[in-house]
Amino acid sequence: MEDVAKRLGVADKLERAGLDSPHDILMRPAADLTAMLSPDVATHILDAASEEIYPWQTRCTKATGRSPAMISTGCSMIDQILGGGIPRGSITEVVAESACGKTQLGLQICLSAQDPNDHGGGKIAVYLFSEGRIPSVRLDQLATAYGFRFQVLPDTLKKHIHTMQLKDRQTQIQALNYQLPALLARRQKK
């Protein structure tokens, strides 16, 4: 990230603002960075900070020889920070304070996986949750909006989303080690 900041001529400006590490950059609201720098420069700095903290795309590309296909989170700024979204075929855990939008983000990702214009759409998405109940009313609202956008019936979108509540660690281990692989194996046979 430091090299990118120097190349763009903003290293001193970032240092004066107390933003001299990738963690500092990613903890600051993107709107603050955009106000301090230009939108293009802020995007380059966010990308470099994300890559330095967690270079998963580089590791995935080295391991497989190709870049992973991505699923949009439904938020362009989050997609930008994550290097394009969430990688298809991966397990992504979202951890944050209560009432900050984890459920909304998870549902949006599950519905984005259904985009028929993106890698064929109609892909399975599994929503694992540990708190509360599945927000079926919100899922219905989002499925209607995404259905309109994708020109697909909302029920068609929802039938490709499987949900599992993980009440404790034992349930989580069982779901990840047995139920999820069995579900995916059944879906591959179809």
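Reckoned from all heavy atoms, side chains included, excluding hydrogens, waters and symmetry mates.
For the pair Ile124 and Leu183, the minimum side-chain heavy-atom distance is below 4.5 Å. Looking only at side-chain heavy atoms (C-beta outward), Lys167 and Ser130 stay at 4.5 Å or farther from each other.
The CG atom of Leu46 sits 12.0 Å away from the CD1 atom of Ile78 when rounded to the nearest 0.5 Å. Expressed to the nearest 0.5 Å, how far CG of Leu139 lies from CD of Gln104 amounts to 10.5 Å. Interatomic distance, CE of Met70 versus CD1 of Ile86, reported as 7.0 Å (0.5 Å rounding). Separation of atoms CG (Leu128) and CG (Leu166) is listed at 5.0 Å; rounding is to 0.5 Å. Considering CG of Leu107 and OG of Ser112, their distance stands at 10.5 Å, rounded to 0.5 Å. The line from CD1 of Ile81 to CG of Leu26 is 6.5 Å long, rounded to the nearest 0.5 Å.
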(Q) Quick one, Gln174 with Gln170, criterion side chain to side chain donor-acceptor pair (under 3.5 Å). Give me CA distance, side-chain angles, the key distance, then yes/no. (A) CA-CA 6 Å; Gln174 182 179 352; Gln170 187 60 38; 5.6 Å; no
Q) Yes or no on ring pair (Phe, Tyr, Trp, His ring centres under 6.0 Å) for Phe148 and Tyr146, after CA distance, side-chain angles and deciding distance? A) CA-CA 5 Å; Phe148 183 75; Tyr146 275 74; over 10 Å; no
Q: Kindly determine whether Gln165 and Ile134 satisfy side-chain contact (heavy atoms from CB on, under 4.5 Å), including the steps that lead there.
A: CA-CA 8 Å; Gln165 183 172 19; Ile134 185 72; over 6 Å; no
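Listed by first then second residue, pairs satisfying salt bridge (Lys or Arg N to Asp or Glu O under 4.0 Å) with a partner in residues 137-152 read Asp140-Lys158, not counting sequence neighbours.
Evaluation of the side-chain hydrogen bond (donor to acceptor under 3.5 Å, both in side chains) rule for Thr43 yields Gln80 as partners, not counting sequence neighbours. In terms of the side-chain contact (heavy atoms from CB on, under 4.5 Å) criterion, residue partners of Ser38 (sequence neighbours excluded) are, by chain and number, Asp40, Val41. Residues satisfying the salt bridge (Lys or Arg N to Asp or Glu O under 4.0 Å) test with Asp168, not counting sequence neighbours, are none.
The main-chain N or O of Gly74 is found under 3.5 Å from a side-chain atom of Ser72 such that the two form a donor-acceptor pair. Between the Gln114 side chain and the Cys110 main chain, a donor and an acceptor come within less than 3.5 Å of each other. In this structure, the side chain of Gln108 engages the main chain of Thr73 through a donor-acceptor pair within 3.5 Å.
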Pair up each side-chain donor or acceptor in residues 12-21 with any protein partner under 3.5 Å, not counting sequence neighbours, and list the distances.
unit_1, atom_1, unit_2, atom_2, d
Lys13, NZ, Met36, O, 3.2
Ser21, OG, His23, N, 3.4
Ser21, OG, Asp24, N, 3.1
Ser21, OG, Asp24, OD2, 3.2

Mind listing the side-chain donor-acceptor pairs of residues 94-103 below 3.5 Å, one per line with the distance, residues two or more places apart or on another chain?
unit_1, atom_1, unit_2, atom_2, d
Lys102, NZ, Ala96, O, 3.3
Lys102, NZ, Glu97, O, 2.9

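At most 12 heavy atoms of other shown residues, nucleotides or ligands fall within 6.0 angstrom of atom CD in Glu2.
Residue Phe150 is grouped with residue Ile161 when hydrophobic side chains (ILVMFWY) are merged at heavy-atom distances under 4.5 angstrom, including chains of intermediate members. Clustering ILVMFWY residues whenever any of their side-chain heavy atoms sit less than 4.5 angstrom apart, transitively, puts Leu157 in the very cluster that holds Tyr127. Residues Leu33 and Leu8 are members of one and the same hydrophobic cluster, defined by side-chain heavy-atom contacts under 4.5 angstrom among Ile, Leu, Val, Met, Phe, Trp and Tyr. One hydrophobic cluster, built from ILVMFWY side chains closer than 4.5 Å, holds both Met77 and Leu37. Cluster membership for Phe129 and Ile91, using ILVMFWY side-chain heavy atoms within less than 4.5 angstrom, is not shared.
Residues Ile45 and Met1 approach most closely at O-CG, 4.3 Å, considering heavy atoms. Across Leu176 and Pro181, no two heavy atoms sit closer than the pair O-CD, 3.4 Å. Closest of all the heavy-atom pairs between Gln179 and Met164 is OE1-SD, 3.8 Å. A pairwise comparison of heavy atoms in Ala113 and Ala125 identifies CB-CB, 4.4 Å as the closest pair.
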